[in-house]
Amino acid sequence: MSTSIATAQPLDTPAGNLTVSDLSVFYGGKKALGPVSMNIPGKQVTALIGPSGCGKSTFLRSLNRMNELIPGCRVEGVVKLDDEPIYGSSVDAVAVRRRIGMVFQKSNPFPKSIFENVAYGLRIGGLRERSELGGRVESALRHAALWEEVKERLHESALGLSGGQQQRLCIARALAVEPDVILMDEPASALDPIATAHIEELIHELAREYTVVIVTHNMQQAARVSHHTAFFYMGDLVEFDRTQVIFTKPSQSKTEDYVTGRFG
Amino acid sequence: MSTSIATAQPLDTPAGNLTVSDLSVFYGGKKALGPVSMNIPGKQVTALIGPSGCGKSTFLRSLNRMNELIPGCRVEGVVKLDDEPIYGSSVDAVAVRRRIGMVFQKSNPFPKSIFENVAYGLRIGGLRERSELGGRVESALRHAALWEEVKERLHESALGLSGGQQQRLCIARALAVEPDVILMDEPASALDPIATAHIEELIHELAREYTVVIVTHNMQQAARVSHHTAFFYMGDLVEFDRTQVIFTKPSQSKTEDYVTGRFG
Amino acid sequence: MDGNEIQGAPGLSTPASRLVPEPAAPVAAPRNVAQSSPEATAPIHRRRTARPKSRPVPLLERVLERLIHILAYTAVAAMILIFVFVAKEALPLLTSPEIHEEVTLAKMWFIQHWPGYDAPEHVWQPVSEIPKYGVWPLLVGTLKVTIIAMLVAVPLSVAAAVFVSQYAGQRTREIVKPAIEFLAGIPSVVLGFFALIVMASWFQEVFGFDSRLNAVVAGVALSFAVIPIVFTVCEEALGAVPPSYVEASVALGAARWQTITKVVLPAAAPGIAASVALGLGRAFGETMIVLMASGNAAILSANPAESVRTLSATIAAELAEVVFGGPHYTVLFALAVLLFLITFGINFAGDYTIMRMKRRMGVAA
Amino acid sequence: MFGREHTDREYEHELRQLREQLLVMGSRVESIIGESIKALMERDTVVAERTIAADKVVDRMEVELDGLCLQILARRQPVASDLRFITLVLKVVTDLERIADLGVNICERVLELNAEPQLKPYVDLPHMGREVQSMLREVLDAFVAKDAERARKIIEKDVVVDALYGQVFRELLTFMMEDAHNVYRATRLQSIAKYLERMADHTTNLAEMVIFMVDGQDVRHLSSRETPAGSNDGN
Amino acid sequence: MFGREHTDREYEHELRQLREQLLVMGSRVESIIGESIKALMERDTVVAERTIAADKVVDRMEVELDGLCLQILARRQPVASDLRFITLVLKVVTDLERIADLGVNICERVLELNAEPQLKPYVDLPHMGREVQSMLREVLDAFVAKDAERARKIIEKDVVVDALYGQVFRELLTFMMEDAHNVYRATRLQSIAKYLERMADHTTNLAEMVIFMVDGQDVRHLSSRETPAGSNDGN
Amino acid sequence: MSRYSLRASRRPRLGDAVLWLATGCATLLVLVVLAIIVIDVLRHGTPRLTLGFLTQSPTDGMTAGGIFPAIFGTVALVLLMTVAALPVGVATAIYLHEYANPTGLPTRLVRIAVNNLAGVPSIVFGLFGLGFFVQFAGGGIDKLFFGGDKVYGQPALVWAALTMAVLTLPVVIVATEEALAAVSPDVRLASAALGATKFQTITRVVLPQAVPGMLTGAILAVSRGAGEVAPLLFTGAAYYLPALPHTLHDQFMQLGYHVYVLATQSPDVDATRPLLYATVLVLLALTFALNASAVWVRSRMRKRIASSHA
Ligand SMILES: Nc1ncnc2c1ncn2[C@@H]1O[C@H](COP(=O)(O)OP(=O)(O)OP(=O)(O)O)[C@@H](O)[C@H]1O
Ligand SMILES: Nc1ncnc2c1ncn2[C@@H]1O[C@H](COP(=O)(O)OP(=O)(O)OP(=O)(O)O)[C@@H](O)[C@H]1O
Ligand SMILES: [Mg+2]
Ligand SMILES: [Mg+2]
Ligand SMILES: O=P([O-])([O-])[O-]
């Protein structure tokens, strides 16, 4: 953790920087993502945008080795969380995923109680003590701005929550294991504007403590929510810059065309 | 057709105005939509916006009696297409739906060829002649801006098309029966920005000949695509005005709050 | 506007300007045209001459729809008829004095002291000088065989379903699933034959059973009939667990086995319960396997190594040789009613459990 | 139902920041007016030079506020009142910056005048200055209070300033005709009067924008302010 | 890959409309400059009055263009170059309208001058006018061509106009000092020179905006144009 | 904050190994049992399997000869059964899935009936066939048309087939309903929105997509019918009948019943054993062929559905 010191972070919270070098992803031998290199800054929101099939989800999933669930998927290149390569031979994918959590497009709470959903990651991590579990669950729900809404009904089924609440529950569930990074694949695309606004607000809050990487189809959302934006096209990273720059003065004409709606 | 003459429309194309008076919809005795009265102008795009569950889809479905497919749904009030009440006792729901077509959120082509998809409505209407069928299919596909992309593969399966193309095919299919009105329930919400832009462009084109009513969760989309916008809230129509007015100077503070993102 | 058409029209207090968004909006001008009786105007006009003609009178449709409606009740009718006609033949057991001379419900269910026996005993011996109709040996035999079959079948098939749906690769799955479906397709008489001709001897050699045909042989053979049922339903239930649950669990840093035991299996629990209920029903009522492999000796004992006679096998074996309408005939039908009621009960209990489990998990809500 | 705050607090924060920065800029401009008048009255070269330097800050604020607006427009897609507010800011900063420039111009003339003896005691010029300053203060208040009525009153005040300007102009003309030696100084003073008159015009612009923001009603060019009644007499 | 036209043709159409209307407005303003100089040179009261009337059209166009911008901002959520273009238009119209107003002011002075005999033959004033007119034409061309280089050249030209203004101002000062009877007319002419100088400043603003639109680079307040070198000599 | 190292901990891997091994062994065991049965039957059955065996009648007290009447009887039974069960089953499924109000009492009744019909032991069907078809229906026909002569009022091909039809009805219904449910509701909405009546929607959009599923149902029903013996015991299967049935009210031989008879009631077990194995082989081959075709049809259907969701 020498870097965290070098970059003047407090000792006990890692910076959460993701360093991607020459990352390529193949599906059954076919390349889906060209060699991508980028430094995703810690404790900020980074948005990934681009047309359908350009490899945003593929890139995202390769950041916590979720792509290993897909048969025939192969990854080349280096991804480092702070200074540790996550594809190292002695690195366990399970451990990687505990430090780099993920939230999906469709909210997918387990058909368990609200409490059990949030406690799940802790339980499988071996935490048994009732009291500590309770505390960590509450803290995760507070972080996800859901505590006030559910504290009276922690032991009711999570499936009784509204769509937006379910998605926040999934975020709380990811937060409970105290990751450094949270990846989100179109987390609000199935929600209405009000629920979306709450999620966006939450994402902003999360960036105080976590590195957030979010895929979105909604350019306006990327503009609203992120500090940095990466534009992918046909498996390549075309441009990566501060969001403000991408949406006011991108340096690549492809980016300019895409964000202004010139799709040809 | 006296009205079409009165409003100086060409004789062969009706105005396509929808007049809604005191329309209420109930699901199993529970009111889902308050008494709504509005005049949806013909040959224009009218967008329906509002938070989830406010009754947009319910309202839309009651415009072509699709709600009759939902058990326990009851409708009160009057809806007129030009001057004919569509809920009259002697009016056939099937005939209504042939004049007021519908396109859904998820593109739902039949697992048939592209040609057969578009020809379907004509065939069930009793059209048999090959040559006329062919002509009408082509014209519908042209209207839906899909002809150039599919003319070489009319007899291939419609399921081989991309998401955006499938949605345009569904629009073509609705156009083939030559309706006056086309209802669309979030027609682009499952598509990426590029496909969405194509659909929006198409919606604009359609308004030359058809009355288009579209439900959308995406306020920006409503702003872009429609001439008039209706804001629903908790089953009531709060405001209905030109889109430009709704998005620059709405008269109701609820509307203002909603469109500016003050959801409380 | 058009207020006279609608009930409660005074409620329309919204200013007209709000309803008509644009002064130029082409609102239908002559309001007075369609006033007289608004609901009874002519059907919707067709726009262009080239429009398809209106639909032919759907007489055929009506007739066919009617027919479908009627035929749909065949199953209900069959169900009722089955019960009625089986129960009808068993009814004399309650009502006929002639039959009561030889057998009563009480004699069937309560322990009797038969002549020539040292102590009161449950005996099934319908073809003897004094016909004895004690059902307990049959019932216990049925239970023994069923329990053995379930004990073998459930763990094996649930485990296999877990393996196939969670661990196996595409290729393994493509071998195992059709194979097990093939097992399902083997007629029970073939399984019975195999148990009778081959298995019984092997088991006797290995375990040293006194009687070649016994509850273990029958139970194990029966389990071959149950395994595919339980496996198929289980596998389907496991496969129906949304992949998003698995993704969520894996993304939280759960290992595969944790995901399976903590997420997949609980989520599939109703389906697994359903599979067990289905298998139980099948095991309980299965006839040919037990008829051929159980030895058919109506002995009341807990020992699984002894021959047994089950309810279904009793009916199958004895009905062909009885006097039509006689006491034995009536008793056999009564056994059928018993069988019918028990399977009905198993079914019902199974459905109920599944429903409750689903509701608990918030699926049905 | 809905609150009056944006659900997205970050957005709310950006809007508030914009509003506050605009007010800061407004008050800086107001003080530039005051200082320039003070420099004139007290023939204070130091104050004049300080004021000229202070304009640089206003210039920077204009660029910053424009950037902030652009960023909010790009990132938040504002509509309705928010949109009107932001486009308002885009236009307001131009006027504010121009008012500050005019203040600088006054100071420049003051520096020139201070090299010569005073032509005459100034009466109407400080009066004009106070008027303009109070108009600007009023318009900033109206903006904060979203008070279209107050803004309308400000527009009416412009006539007063125009009248004063006409008076000053004619008076100085007389001075010049009396004595050719007065010409240099009188033209300087005429310029200063003109600057103040322009300041009032810009302030009137601001008032119109406030009305537009609050009511969504564009009132520009409805009054014939650009060619006010008194202007025939001077300019 | 992507085309240079918006996928949404309606949007493309609106942007084109905005661009064209802006050019129409620009050319109207240009002609107002020309006409006002013509009225001055030819002492033509009719032309002056016609020009004053023409300004009303420019006023209306400003309001219309603002409305169009607001509508596009509300409905299309433009970003990047489109957004810069639209905010540019919002600011450009203000300057254009102001240039037209200054043209009107020239005509007003012309009307006053026409009531008296000509003070002297005008040489530098028409020179200034031509300069300003060509600057405006240039800036509109640069805008259409999205040519930042050309826009930069225009900013340099402002110095020329400033120099001319200083010259005219001093010359007229001399006239006034020579003869008190000249004062009335000379101050009028000084005003006209001042108007032309202001026009050049506004045109410079426009050029800066074109640079911003094309390069996304804010060049305002980098040059010290607001207090040009020559201004010590006059204003 | 406690941080997890990226280094592997061994514990999760062990759990996976245990679970993998246990479930894998179970799967293997099931496959082994199946293989044993099949191999045993093949090994002992093939030698006796000749053309004559398939085309001749049994002779010498069924210790020699062929099994042609049994094959013929099985096929006839299955065909009759299908003709009876398929239309009713399909109609019921269409009613349940397309017309009925899913929460209404009629639907619930039909569903309960179907579920329980599937659970009723096959021997009970035999008794029902005897009581209802043979005695009640057959007896009734005899009384009405044959003056009380026993023509239909005795075990016969037609009664066995009808009994079997009732038994397989749930199979057809469930498979058909599954096929109907696999047709996406969106497509139905689309059809309705184009002005199609419900009937048009069903016949033109839903059924074409459901045909493979219905076919699967039919085949599974046939396969079940070919293998069931218990319901035939009292409704028409004959112990030994060298002649083929030529009317509906004749008795018939059936493969499964033949196996049962040979296995349990043969006077000379050793003499019949080769014959028995060969008969089992034929029966197994028949049901295997039927099942395989069902699997094939279904996998094709799945592919079609999968592509329609793509
Ligand atoms: N499991 C897979 N097997 C084979 N190819 C895949 C797989 N997943 C994705 N691809 C291919 O990889 C490319 C990138 O896919 P990816 O899902 O990352 O795109 P995306 O940018 O997330 O698109 P979308 O916005 O539609 O989600 C696509 O061409 C896609 O077809
Ligand atoms: N089939 C139904 N049965 C009972 N209630 C229903 C049904 N469909 C809708 N509702 C209720 O009617 C109300 C309006 O629903 P509707 O689907 O029209 O909302 P919506 O505005 O379209 O929402 P969304 O944006 O989520 O699609 C909601 O309260 C909903 O719960
Ligand atoms: Mg994706
Ligand atoms: Mg809806
Ligand atoms: O997918 P959306 O409903 O959020 O557009």
Side-chain angles (χ1 to χ4, degrees), chain C residues 58 61 65 67-69 71-76 78-79 81-82 85-86 88-89 155-156 159-160 162-164 167 176 178-183 185-190 193-194 196-198 224 227 255-258 260 281 285 287-288 292 312 315-316 319-320 333 336 339-340 343-344 347, chain F residues 12 15-16 19-20 22-24 26-27 29-31 33-34 37 40 87-88 91-92 94-96 99 109-110 113-117 119-124 127-128 131-132 136 166 169 173 197 199 223 226-230 233-234 256 259-260 263-264 276 280 283-284 287-288 290-291 295:
Chain C
E61 291 184 17
E65 285 184 343
L67 193 64
I68 286 172
H69 207 120
L71 286 178
Y73 287 92
T74 309
V76 179
M79 198 67 215
L81 287 175
I82 288 173
F85 273 84
V86 176
K88 195 188 76 173
E89 303 294 322
L156 274 185
V162 167
F163 182 80
V164 168
Y167 284 117
V176 176
I180 294 187
E181 266 163 14
F182 177 64
L183 185 59
I186 295 180
S188 52
V189 69
V190 173
F193 147 84
F194 183 75
L196 171 67
I197 306 283
V198 184
F224 297 164
I227 282 172
R256 189 83 209 162
W257 70 275
Q258 289 173 315
I260 292 169
T287 309
M288 295 317 287
M292 295 165 83
S312 55
I315 300 169
L319 190 70
F333 270 90
L339 207 51
F340 181 90
T343 47
F344 198 94
N347 259 332
Chain F
D16 262 336
L19 194 60
W20 184 87
T23 57
T27 312
L29 186 59
V30 173
L31 293 183
V33 166
L34 178 68
I37 296 176
D40 183 63
V88 177
T92 309
I94 290 178
Y95 171 78
L96 279 179
Y99 284 98
L109 271 182
V110 175
V114 172
N115 277 346
N116 283 294
L117 217 47
V120 170
S122 50
I123 187 70
V124 176
L127 296 192
F128 161 68
F132 179 69
F136 180 76
V166 178
L169 190 58
I173 294 172
T197 61
F199 192 79
S223 145
E228 273 296 347
V229 175
L233 292 175
F234 323 116
V259 169
Y260 168 63
T264 57
L276 182 53
V280 166
L283 180 55
L284 214 50
T287 52
F288 174 73
L290 288 170
N291 274 307
V295 169

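A, B, ... follow the sequence lines: proteins, then strands. Residue 1 opens every chain.
- Checked against a 6.0 Å centroid threshold, the rings of F/Tyr95 and F/Tyr99 do not count as neighbours.
- With respect to chain F, the highest number of heavy-atom pairs below 4.5 Å among C/Tyr73, C/Phe224, C/Phe85, C/Phe344 belongs to C/Phe85.
- Looking only at side-chain heavy atoms (C-beta outward), F/Val229 and C/Pro187 stay at 4.5 Å or farther from each other.
- Within the 4.5 Å cutoff, no side-chain heavy atoms of F/Asn115 are placed close to those of C/Asn347.
- The most heavy-atom pairs under 4.5 Å with chain C, out of F/Val30, F/Ile173, F/Val114, come from F/Val30.
- A heavy-atom distance below 4.5 Å is not found between the side chains of C/Phe340 and C/Val86.
- For the pair C/Tyr167/F/Asp16, a side-chain contact is recorded, criterion being any heavy-atom separation below 4.5 Å from C-beta on.
- No side-chain heavy atom of F/Leu19 sits under 4.5 Å from any side-chain heavy atom of C/Phe163.
- Using cut-offs of 30° and 60° for the angle between ring planes, the F/Phe136 and F/Phe132 rings count as parallel.
- When each of F/Val166, F/Leu109, F/Val120, F/Leu96 is scored by its heavy-atom pairs under 4.5 Å with chain C, the top score falls to F/Val120.
- Most heavy-atom pairs under 4.5 Å with chain F, from the set C/Leu81, C/Leu196, C/Val162: that is C/Leu81.
- Annotation: maximal heavy-atom pairing with chain C below 4.5 Å, among F/Ala113, F/Ser122, F/Gly131, occurs at F/Ala113.
- Of the two parts of F/Leu169, only the side chain, counted from C-beta on, holds a non-hydrogen atom closer than 4.5 Å to a non-hydrogen atom of chain C.
- Between chain F and the options C/Leu67, C/Val76, C/Thr74, the largest number of non-hydrogen pairs under 4.5 Å is found for C/Val76.
- Of the listed residues (C/Ile186, C/Leu319, C/Ile227), the one with the most heavy-atom contacts under 4.5 Å to chain F is C/Leu319.
- In this structure, chain C has heavy atoms under 4.5 Å from both the backbone and the side chain of F/Val124.
- Heavy-atom distances place the side chain of F/Leu29, and not its backbone, under 4.5 Å from chain C.
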